[in-house]
Peer 1: 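Structure below; questions to follow.
Bear in mind the structure is a predicted one, so any value in this text is a computation, not a measurement.
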Amino acid sequence: MTDIRHRIEELRSELNRHNHKYYVENAPEISDYDFDQLMRELQELEKAHPEFEDPNSPTVRVGSDLTQAFKSATHRFPMLSLSNTYSLEELYEFMARIEKEVGDVEYVCELKFDGTAISLSYENGALVRAVTRGDGVRGDEVTANVRTIRSVPLKLQGEGWPALFEIRGEILMPYATFERLNREREEQGENLFANPRNAAAGTLKQQSSAVVARRGLDCTLYQMAGENLPFSSHWENLQRAREWGFKVSDQMQICHSKQEVAAFISRWDEARKELPFPTDGVVIKVNRYADQRALGFTAKAPKWAVAYKFKAEQALSELLSVDFQVGRTGAITPVANLEPVHLAGTTVRRASLHNAEQISQLDLRIHDRVYVEKGGEIIPKVVGVELSMRPATSEPFRYIDHCPICQTPLVRYEGEAKHYCPNSLNCRPQILGRIIHFIGRKAMDIEGLGEETVELLYDQGLIKSAADLYDLRAEQLSGLPRLGEKSAENIIRSIKGSLEVPFPRVLFALGIRFVGETTAKYLASHFRTLDRVMGASREELVEAEEVGEKIADAILEYFADERNRALIERLRQAGIRTEAEEQRLASEQLKGLQIVISGSFERHSRDELKALIEAHGGKNLAAVSGNADYLLAGAKMGPAKLKKAEQLGVKIISEAEFEAMIGGEIQNPQSAIQHLESELDKPADSEDRKTSEENEIPVQGRLF
């Protein structure tokens with residue numbers, strides 16, 4: 001038995017090595033036939049000896065035909081987005097702000113891959129979890145599917161990796177694979193994928209990992225996170241990750257000036273067209289972790305990285321016809337049907353036209369030759385007309401004046417470019433759109449109910465509104481097409497589970513115009529209950545953060561409609577949450593205190609300090625004023641701010657003293673003033689600062 005186990009481990013190690021040589025290094029050492037023979041031997045041994053099962057065996061690369069429902073998982077470190085820039089001038093401003101704050105820095109320039117983001121977790125050198133970006137806080141766990149991707153190492157090679165760490169990157173579909181897949185789908189009469197990114201995302205969410213394995217996804221990694229990374233810079237850790245078996249892009253460069261960054265961008269703006277996979281820009285990151293931490297984060301993105309987006313590519317095509325789509329708010333969106341044209345690595349057949357005003361400005365006509373541009377959108381857009389090629393018989397385009405679905409006359413609200421169908425009660429796309437919005441991940445997160453299933457339930461007369469979902473029974477669903485007993489039970493379980501969704505997401509799920517996810521959070525925090533939101537006046541609504549007059553009017557209009565109030569009453573009876581949970585504080589050490597943060601800090605970013613202030617009962621202020629109790633001051637804060645705090649008698653504390661405060665002790669703030677005055681006399685590139693930071697390897701707690 002020991003010999004059998006030894007042979008199994010030997011085969012696994014050998015096959016993993018050959019997978020890496022073939023899919024990552026593009027340097028195969030054996031023939032496909034010899035590889036298949038080794039794989040077959042391993043499969044037979046594992047089948048005969050299930051006691052030696054290993055979820056990271058190379059045999060999982062073929063996937064399984066078992067259907068799986070994806071569970072959501074919380075990211076250990078939030079996956080933030082990147083801020084975008086489209087001009088070198090904006091990029092230079094970004095670099096100038098960084099250098100003003102932290103002095104001379106190194107930048108790492110990398111290609112921006114156009115795929116779907118993934119986070120891989122490794123424990124003791126083995127892949128244990130793969131999670132999609134999701135909303136940045138939670139994503140879908142797709143480990144079984146990711147294990148089929150040949151360029152993802154199931155077990156690491158070499159040595160020196162942390163016991164637990166994450167590495168993040170992009171799941172890609174190469175152009176060749178994308179074109180093959182769309183040819184197959186066209187032959188089978190299935191809808192085509194819009195672009196490789198769309199195809200990669202759709203493939204990763206397949207319920208059968210065997211399907212994922214056949215589609216040939218690839219994975220390139222670009223960021224590490226962990227508490228014991230071997231090096232204190234982004235570049236060095238990625239080079240080490242390559243040694244462990246990860247596929248890390250060769251198209252990376254350390255740059256020290258804006259000229260070097262611009263040269264990298266210029267080179268790849270042209271050279272990217274020869275790459276076998278889609279890219280849409282260059283990512284510029286600050287290299288050293290200490291500098292990254294000093295710069296910190298906004299609510300959505302790191303301040304130490306930015307994406308420079310390449311100028312969108314254009315192609316010329318013929319406008320064949322125009323379709324009109326109806327959204328959940330009744331908004332009418334015209335979509336151009338085009339003669340198929342190759343653009344940015346994909347075949348484009350449809351493009352957005354936005355609204356009647358844009359069509360009029362372009363003087364767009366059927367059979368015009370139009371310029372189509374693709375700047376990262378799933379559906380490209382029409383940006384111009386080649387008038388020299390216009391047919392002599394062409395006639396001006398006439399925009400519709402009735403809803404294409406229910407034939408209700410369209411309206412156009414003051415100050416808005418779009419036309420709307422006002423028949424929200426009986427217009428099918430609007431009803432379906434509201435229900436689909438309601439069940440979405442960022443709203444009620446009801447799993448198992450995709451768009452097709454919602455349409456099926458609607459057409460069968462089982463649901464007419466979101467409230468009807470809570471009256472469904474498993475036996476009503478199990479006999480429907482594509483739904484069995486197991487699927488029906490899972491859907492009902494998920495519907496019941498949605499009753500635990502917190503109030504801010506319930507408010508977002510209602511689909512009030514202009515009330516997005518963030519605005520819903522502010523409303524819930526400000527009013528605390530749904531009844532108070534419903535009863536608020538216009539003046540009271542605009543007092544909430546992020547709520548202006550336009551949003552306030554939309555909220556009032558929504559709750560003035562008796563049909564919406566009836567819907568809410570039914571949802572309330574079903575048991576949804578209509579009150580915000582009481583905020584759980586780590587302590588009340590800072591209760592009633594208002595604190596201003598300024599400068600850069602050794603152990604925390606400013607965003608982390610703000611979160612700590614709120615967690616301990618305090619309130620953050622943006623500027624020094626007589627209302628402030630403390631100025632939490634770090635290195636490089638402005639002398640004027642320090643002087644104003646002293647004039648107003650605002651107590652000044654250091655990072656260490658703040659930590660003592662939330663630990664229960666308040667030290668003498670006078671020492672902080674003396675410390676800061678000495679810090680302000682030092683040059684920005686103080687050797688003391690440099691030495692202390694270079695000897696520290698920080699935790700990279702937030703990644704995009």
Side-chain angles (χ1 to χ4, degrees), residues 24 72-83 108-123 125-143 145-147 149 151-154 156 161-162 164-173 197 200-201 204-205 217-231 233-252 277-287 289 292-293 297 300-307 697-704:
V24 178
S72 62
T74 301
H75 291 295
R76 187 159 168 249
F77 307 119
M79 290 185 75
L80 303 184
S81 301
L82 279 175
S83 299
V108 178
C109 290
E110 310 166 5
L111 292 182
K112 184 176 182 297
F113 304 104
D114 197 14
T116 185
I118 195 73
S119 180
L120 309 177
S121 294
Y122 285 80
E123 288 186 14
L127 175 66
V128 294
R129 193 176 76 156
V131 183
T132 63
R133 182 196 297 277
D135 62 4
V137 177
R138 297 180 64 82
D140 284 331
E141 186 175 336
V142 290
T143 312
N145 285 350
V146 168
R147 282 195 171 108
I149 301 173
S151 51
V152 173
L154 303 178
L156 303 185
W161 55 76
L164 173 64
F165 72 96
E166 293 184 22
I167 188 164
R168 288 169 174 178
E170 210 82 359
I171 302 291
L172 303 167
M173 180 170 283
R197 180 183 71 243
L204 198 59
K205 293 296 187 67
L217 295 177
D218 202 351
C219 180
T220 298
L221 288 310
Y222 50 63
Q223 192 82 23
M224 286 183 64
E227 297 182 355
N228 296 295
L229 302 183
F231 299 103
S233 75
H234 169 68
W235 174 273
E236 290 175 297
N237 279 319
L238 282 190
Q239 305 316 306
R240 180 57 58 88
R242 185 182 283 114
E243 296 175 11
W244 297 335
F246 292 111
K247 188 171 184 178
V248 176
S249 174
D250 291 327
Q251 290 84 32
M252 297 172 59
F277 48 79
T279 61
D280 60 353
V282 168
V283 177
I284 300 94
K285 303 175 185 175
V286 170
N287 186 27
Y289 292 154
Q292 291 182 9
R293 189 176 60 250
F297 303 81
K300 296 182 179 179
K303 295 179 182 177
W304 42 264
V306 71
I697 299 176
V699 177
Q700 287 301 284
R702 295 187 184 181
L703 298 176
F704 51 88

Peer 1: A side-chain contact here means heavy atoms from C-beta on lying under 4.5 Å apart; do Ile118 and Val146 qualify?
Peer 2: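 Counting from C-beta outward, Ile118 and Val146 do come under 4.5 Å.
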Peer 1: Roughly how far apart are Arg197 CZ and Asp114 CG, rounded to 0.5 Å?
Peer 2: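 So the gap between those two atoms works out to 4.5 Å.
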Peer 1: Taking all heavy atoms of His75 and all of Gly136, pick out the closest pair and write down the distance.
Peer 2: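 Reported closest heavy-atom pair: CD2-O, 3.5 Å.
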Peer 1: Compare every heavy atom of Pro153 with every heavy atom of Gly245, then report the nearest pair and how far apart it is.
Peer 2: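 The answer is O-CG, 3.8 Å.
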Peer 1: Can you give me the closest heavy-atom contact between Leu82 and Ala305, atom names plus distance?
Peer 2: CD2-CB, 3.7 Å
Peer 1: Check whether any side-chain heavy atom of Val152 sits under 4.5 Å from a side-chain heavy atom of Arg147, and report yes or no.
Peer 2: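 Not in contact.
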Peer 1: So, do Lys285 and Met252 sit near enough that their side-chain heavy atoms are less than 4.5 Å apart?
Peer 2: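 In short, these two side chains do not touch, never coming nearer than 4.5 Å.
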Peer 1: Between Leu127 and Leu120, does a side chain to side chain contact (heavy atoms under 4.5 Å, CB included) hold up when you go through it step by step?
Peer 2: CA-CA 7 Å; Leu127 175 66; Leu120 309 177; 4.1 Å; yes
Peer 1: Find the distance between CD (Glu110) and NE2 (His234) and round it off to the nearest 0.5 Å.
Peer 2: 3.5 Å
Peer 1: Given side chains that start at C-beta, do those of Arg240 and Leu229 come closer than 4.5 Å, heavy atoms only?
Peer 2: no
Peer 1: Would you say that Tyr222 contacts Phe113 through its side chain, given a criterion of any heavy-atom pair below 4.5 Å between the two side chains?
Peer 2: yes
Peer 1: Taking Thr279 for the side chain and Gly281 for the main chain, is one N or O donor matched with an acceptor at less than 3.5 Å?
Peer 2: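 Not a single qualifying donor-acceptor pair exists.
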Peer 1: Checking Ser151 against Asp218: is there a side-chain donor and acceptor pair closer than 3.5 Å?
Peer 2: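 Checked: Asp218/Ser151 side chains pair up, N/O donor to acceptor below 3.5 Å.
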Peer 1: Any heavy-atom pair between the side chains of Phe246 and Arg242 that's under 4.5 Å?
Peer 2: no
Peer 1: State, with a plain yes or no, whether a side-chain heavy atom of Leu204 is found less than 4.5 Å away from one of Thr132.
Peer 2: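 Contact flag for Leu204/Thr132 side chains = yes.
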Peer 1: According to side-chain contact (heavy atoms from CB on, under 4.5 Å), who are the partners of Val128, at least two apart in sequence or on a separate chain?
Peer 2: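 Val128: side-chain contact (heavy atoms from CB on, under 4.5 Å) contacts with Ser121, Glu123.
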Peer 1: Return the OG1 to CZ distance between Thr74 and Arg138, rounded to the nearest 0.5 Å.
Peer 2: 3.5 Å
Peer 1: To the nearest 0.5 angstrom, please state how far the CD atom of Gln223 sits from the CG atom of Asn237.
Peer 2: 9.5 Å
Peer 1: Just how far is it from atom CD of Gln239 to atom CH2 of Trp235, taken to the nearest 0.5 Å?
Peer 2: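 Between atom CD of Gln239 and atom CH2 of Trp235 there are 4.5 Å.
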Peer 1: Taking all heavy atoms of Arg168 and all of Pro78, pick out the closest pair and write down the distance.
Peer 2: NH1-O, 3.4 Å
Peer 1: Of all the heavy-atom pairs spanning Ala241 and Val248, show the shortest one and how long it is.
Peer 2: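 The pair with the smallest heavy-atom distance is CB-CG2, 4.4 Å.
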Peer 1: What do you reckon, are the aromatic ring centroids of Trp244 and Phe165 less than 6.0 Å apart?
Peer 2: yes
Peer 1: Please round to the nearest 0.5 Å and tell me the distance separating atom SG of Cys219 and atom CD1 of Ile149.
Peer 2: 6.0 Å
Peer 1: Give the C-alpha distance, both sets of side-chain angles, the deciding distance and a yes or no for side chain to side chain contact (heavy atoms under 4.5 Å, CB included) between Arg76 and Glu166.
Peer 2: CA-CA 9 Å; Arg76 187 159 168 249; Glu166 293 184 22; 2.9 Å; yes
Peer 1: Determine, stepwise, if the pair Arg129 / Thr143 fulfils side-chain hydrogen bond (donor to acceptor under 3.5 Å, both in side chains).
Peer 2: CA-CA 5 Å; Arg129 193 176 76 156; Thr143 312; over 6 Å; no
Peer 1: For Ala200 and Leu217, which heavy atoms make the closest approach, and how far apart are they?
Peer 2: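 Closest heavy-atom pair between Ala200 and Leu217: CA-CD2, 4.0 Å.
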Peer 1: Find out whether Thr220 and Glu170 are in side-chain contact, i.e. whether some heavy atom of one side chain is under 4.5 Å from a heavy atom of the other.
Peer 2: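 Contact flag for Thr220/Glu170 side chains = no.
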